[in-house]
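Just so you know, ligand 1 is whichever comes first in the structure, and atom 1 is the first atom listed for that ligand. We're numbering straight along the sequence, starting at 1.
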Amino acid sequence: MKKIIQVAIDSPAAAGAGTQAKLIAEHYNLLYLDTGKIYRYIGNLKIKYKKKFNYSLVRQKIKNLNVHDLQKKNLLKDNIATQASIIAKDKNIRKIVHKFQIECAYNPPKNFHGSILDGRDITSVIMKNAMFKFFITANVKTRAIRRFKELKSINKNIKFLDVLKSIKKRDKSDYSRAISPLRKTKDSILINTTNLTKRSCFLKIKKIMDKKLHR
Ligand code: C5P
């Protein structure tokens with residue numbers, strides 16, 4: 001019988017989790033969901049709809065949400081990331097997002113061999129029983145450099161120190177919030193990407209996965 005592969009990844013901002021998740025998804029033919037993009041999408045709704053923003057609007061938008069809607073470049077912007085980490089503290093918003101994530105995690109389209117989700121509460125809440133659980137991190141300066149390079153392509157005036165400050169602020173908010181805070185669960189494998197290339201990091205993860213899959 002074909003094995004269904006489920007991979008859960010948590011990480012602080014800009015640690016390289018998304019890059020690795022995409023490579024893993026491609027290699028093992030898994031549905032990939034970048035859950036941070038859902039919070040960014042809602043953060044963007046808050047900016048766009050201002051006073052009209054409420055739970056029923058979010059519910060309706062998430063109900064009609066398509067994974068492709070999450071690929072818009074606009075969602076990468078730093079002000080949207082900041083807004084995302086603010087609305088992500090709201091219990092009701094997390095409840096609305098929960099259902100969408102569970103559907104992707106446990107019911108991916110049949111042409112996939114499983115699913116891979118990355119975010120802040122995937123290993124601790126959304127996919128507690130995933131076959132593979134990783135906590136991907138890197139030191140804050142390295143993360144800020146990576147995010148700075150990425151943001152520079154959409155905003156030439158962006159300053160490195162602003163990016164660093166914003167990442168530190170988001171770390172504080174994500175690690176210390178009351179609901180679903182970011183943490184490494186005991187059963188997650190720690191991957192520190194600070195001194196690893198994308199390729200060597202992927203090979204490290206692949207080795208861990210293949211060992212279990214071919215047992
Ligand atoms: O991963 P990304 O940086 O795009 O996430 C944006 C924000 O969304 C995070 O800073 C975090 O506050 C929130 N988030 C979350 N739970 C997730 C994914 C993201 O609270 N599973």
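Hydrophobic cluster membership is shared by Ile5 and Ile191, with clusters built from Ile, Leu, Val, Met, Phe, Trp and Tyr side chains linked at under 4.5 angstrom. With hydrophobic clusters built from ILVMFWY side chains whose heavy atoms lie under 4.5 angstrom apart, Ile205 shares a cluster with Leu30.
Between Lys37 and ligand 1, not a single N/O pair is under 3.5 Å apart. Inclusion of Arg40 in the set of residues having an N or O under 3.5 Å from an N or O of ligand 1 is warranted. The shortest N or O to N or O distance between Thr35 and ligand 1 is below 3.5 Å.
Closest to atom 6 (C) of ligand 1 among all protein heavy atoms lies Arg170 NH1, 3.4 Å. For atom 12 (O) of ligand 1, the nearest non-hydrogen atom of the protein is Asp174 OD1, 2.6 Å. The protein atom (non-hydrogen) at minimum distance from atom 1 (O) of ligand 1 is Arg120 NH1, 3.0 Å. Scanning the protein heavy atoms around atom 16 (N) of ligand 1, the nearest turns out to be Arg94 NH2, 3.0 Å. The closest protein non-hydrogen atom to atom 8 (O) of ligand 1 is Tyr39 CB, 3.5 Å. Residue, atom and distance of the protein heavy atom nearest to atom 19 (C) of ligand 1 are Gly36 CA, 3.5 Å. Counting protein heavy atoms only, atom 13 (C) of ligand 1 is closest to Ala88 CB, 3.8 Å.
Remark: Lys61 fails to qualify as a cation-pi partner of Tyr41 under the 6.0 Å distance and 45° angle criteria applied to the six-membered ring.
Here the rule is side chain to side chain donor-acceptor pair (under 3.5 Å) with Lys133, and of Asp10, Asp187, Thr123 only Asp187 fits it.
Partners of Asp210 according to the side-chain hydrogen bond (donor to acceptor under 3.5 Å, both in side chains) rule, which considers only residues two or more places apart in sequence or in another chain, are Tyr28, Lys206.
Judged by distance alone, the side chains of Tyr32 and Asp118 do bring a donor and an acceptor atom under 3.5 Å apart. The closest side-chain donor-acceptor pair between Arg143 and Ser11, if any, does not fall under 3.5 angstrom.
Interface of Arg177 with ligand 1, defined as ligand atoms under 4.0 Å from a residue heavy atom, comprises 12 (O), 15 (C), 16 (N), 20 (O).
Formation of a donor-acceptor pair under 3.5 Å by the Ser176 side chain with backbone atoms of Lys172 is found in this model.
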